[in-house]
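Step one of this worksheet: look at the structure below.
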Amino acid sequence: MTRILVVDDEPSIVTLLTFNLERAGFEVQSADDGLKGLKMATEGNYDLIILDLMLPGMDGLEICKTLRQEKNSTPILILTAKEDEFDKILGLELGADDYLTKPFSPREVVARVKAILRRTKAGQLQEKEEGEGPIQIGELKIFPNRYEAFFRGEKLNLTPKEFELLLYLANHKDRVLSREQLLDAVWNYDFTGDTRIVDVHISHLREKIEEDTKNPKYIKTVRGFGYKMAGE
């Protein structure tokens, strides 16, 4: 059974999330403070973490940062208050895969969780087809079936969402893609016009594969429209 960890110190939210996620067929465990949540996330085997940003003991941003530094790639869905724009963007920069602003509907939470898990498991379970090789673009090599990417021979530490975005760009190299196209293809649902999540993940990818992020060689900005992966 798919296991989800909910880290939130508001009992009403934990109860709401637990009820609706269990009804959708997930196994749910919870922690009501940051230190306990980090310990459970590190020691447990979870398929997804729902993480509030405002927590006692250790805040959600620090938990997210710590997990990613420890090479823990478990998908993270952060919960943030509507006015916390800075924390929302920073959470994505630190490696979160998605976010939800409070208040939220239980149906939306379940839909987001299923979408994240569907993308992650699709990549992990993709069987290698006969004759299929990696995607090579310059010094970047991507293995779709293994959900791995390498730059100059070094394995990149990518979150599931970063890998999905990189793979989509690589599969459409030299083609200009709008932010809306990337949202639809990689996130699979409507962000109600908020395309900044694409910019955040592009920035994160550039930090990992570009020598000069202000003059990128691989992921080019097409001003006023979107991005494209430059071919060799």
Side-chain angles (χ1 to χ4, degrees), residues 2-24 26-117 120 157-162 183 187 189-201 203-204 207:
T2 301
R3 303 177 72 231
I4 296 176
L5 174 63
V6 176
V7 187
D8 197 302
D9 64 331
E10 296 184 52
S12 60
I13 290 181
V14 173
T15 300
L16 179 69
L17 290 173
T18 300
F19 174 78
N20 284 278
L21 289 168
E22 287 183 343
R23 190 170 66 171
F26 300 110
E27 178 185 337
V28 182
Q29 295 184 0
S30 63
D32 58 6
D33 70 74
L35 293 174
K36 181 180 177 182
L38 178 61
K39 186 173 188 295
M40 292 178 68
T42 302
E43 297 178 357
N45 183 24
Y46 297 98
D47 298 283
L48 184 138
I49 300 169
I50 298 178
L51 179 64
D52 188 31
L53 293 186
M54 298 297 293
L55 293 165
M58 175 183 286
D59 65 50
L61 292 174
E62 191 63 30
I63 293 173
C64 187
K65 179 181 178 182
T66 300
L67 288 174
R68 294 308 186 227
Q69 287 178 337
E70 293 177 354
K71 313 300 184 185
N72 186 320
S73 60
T74 303
I76 297 174
L77 172 63
I78 59 174
L79 303 178
T80 177
K82 189 172 183 179
E83 65 272 13
D84 292 337
E85 183 71 19
F86 175 77
D87 285 346
K88 178 172 62 179
I89 298 302
L90 183 56
L92 295 171
E93 290 179 340
L94 292 175
D97 296 271
D98 201 353
Y99 69 86
L100 269 177
T101 55
K102 299 178 182 179
F104 48 77
S105 73
R107 290 180 62 185
E108 183 177 13
V109 174
V110 173
R112 294 285 183 100
V113 166
K114 287 182 176 179
I116 294 171
L117 291 172
T120 303
N157 181 27
L158 302 174
T159 67
K161 183 60 65 243
E162 290 168 358
L183 279 174
W187 278 264
Y189 46 77
D190 184 17
F191 264 74
T192 61
D194 186 1
T195 58
R196 285 168 294 180
I197 189 171
V198 174
D199 299 329
V200 169
H201 281 76
S203 176
H204 219 185
E207 291 175 358

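As the structure is a computational prediction, the values presented were derived from the model and not from experiment.
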Checking V14 against D32 for the side-chain contact (heavy atoms from CB on, under 4.5 Å) test, could you report, in this order, the C-alpha distance in whole Å, the side-chain angles of both residues, the deciding distance, and whether it holds?
CA-CA 9 Å; V14 173; D32 58 6; over 6 Å; no
Before you tell me yes or no, could you show the steps for D59 and L53 under side-chain contact (heavy atoms from CB on, under 4.5 Å), namely the whole-Å CA-CA distance, both residues' side-chain angles and the distance that decides it to 0.1 Å?
CA-CA 6 Å; D59 65 50; L53 293 186; over 6 Å; no
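In this structure, R68 does not pair ionically with E162, as no charged nitrogen and carboxylate oxygen lie closer than 4.0 Å.
Of all the heavy atoms in G60 and L51, the pair that sits closest is O-CD2, 3.3 Å. Considering all non-hydrogen atoms of both residues, I116 and P75 come closest at CG2-CB, 3.5 Å. Summarising the geometry of L5 relative to A31, their closest heavy-atom pair is CD1-N, 4.4 Å, with the distance given to 0.1 Å. Closest non-hydrogen pair, Q29 versus Y46, comes out as OE1-OH, 2.6 Å.
At a threshold of 4.5 Å between non-hydrogen side-chain atoms, the residues M54 and K102 do not count as touching. Using a 4.5 Å heavy-atom threshold, the side chains of D8 and I50 count as separate. The side-chain heavy atoms of I63 and I76, taken from C-beta on, include no pair separated by under 4.5 Å. Contact annotation: the side chain of V110 approaches that of K114 to within less than 4.5 Å [non-hydrogen atoms, C-beta and beyond]. For the pair D52 and D9, the minimum side-chain heavy-atom distance is below 4.5 Å. Two residues are said to be in side-chain contact when any heavy atoms from C-beta on lie closer than 4.5 Å; L16 and P106 meet this criterion. Within the 4.5 Å cutoff, side-chain heavy atoms of L117 are placed close to those of F26.
Between the OG1 atom in T74 and the CZ atom in R3 there is a gap of 10.5 Å [rounded to 0.5 Å]. Taken from CG in L17 to CD in E22, the straight-line distance is 11.0 Å, to the nearest 0.5 Å. Summarising the geometry, atom OG1 belonging to T18 is positioned 11.0 Å from atom CD1 belonging to I13; distances are rounded to the nearest 0.5 Å.
Applying the side-chain contact (heavy atoms from CB on, under 4.5 Å) criterion to R107, with sequence neighbours excluded, gives S105. With sequence neighbours left out, the ring pair (Phe, Tyr, Trp, His ring centres under 6.0 Å) criterion links H204 to no other residue.
Of the possible donor and acceptor atoms, one in the side chain of T66 sits under 3.5 Å from a partner among the backbone N and O of E62. Not a single donor-acceptor pair under 3.5 Å links the side chain of D47 to the backbone N or O of I4.
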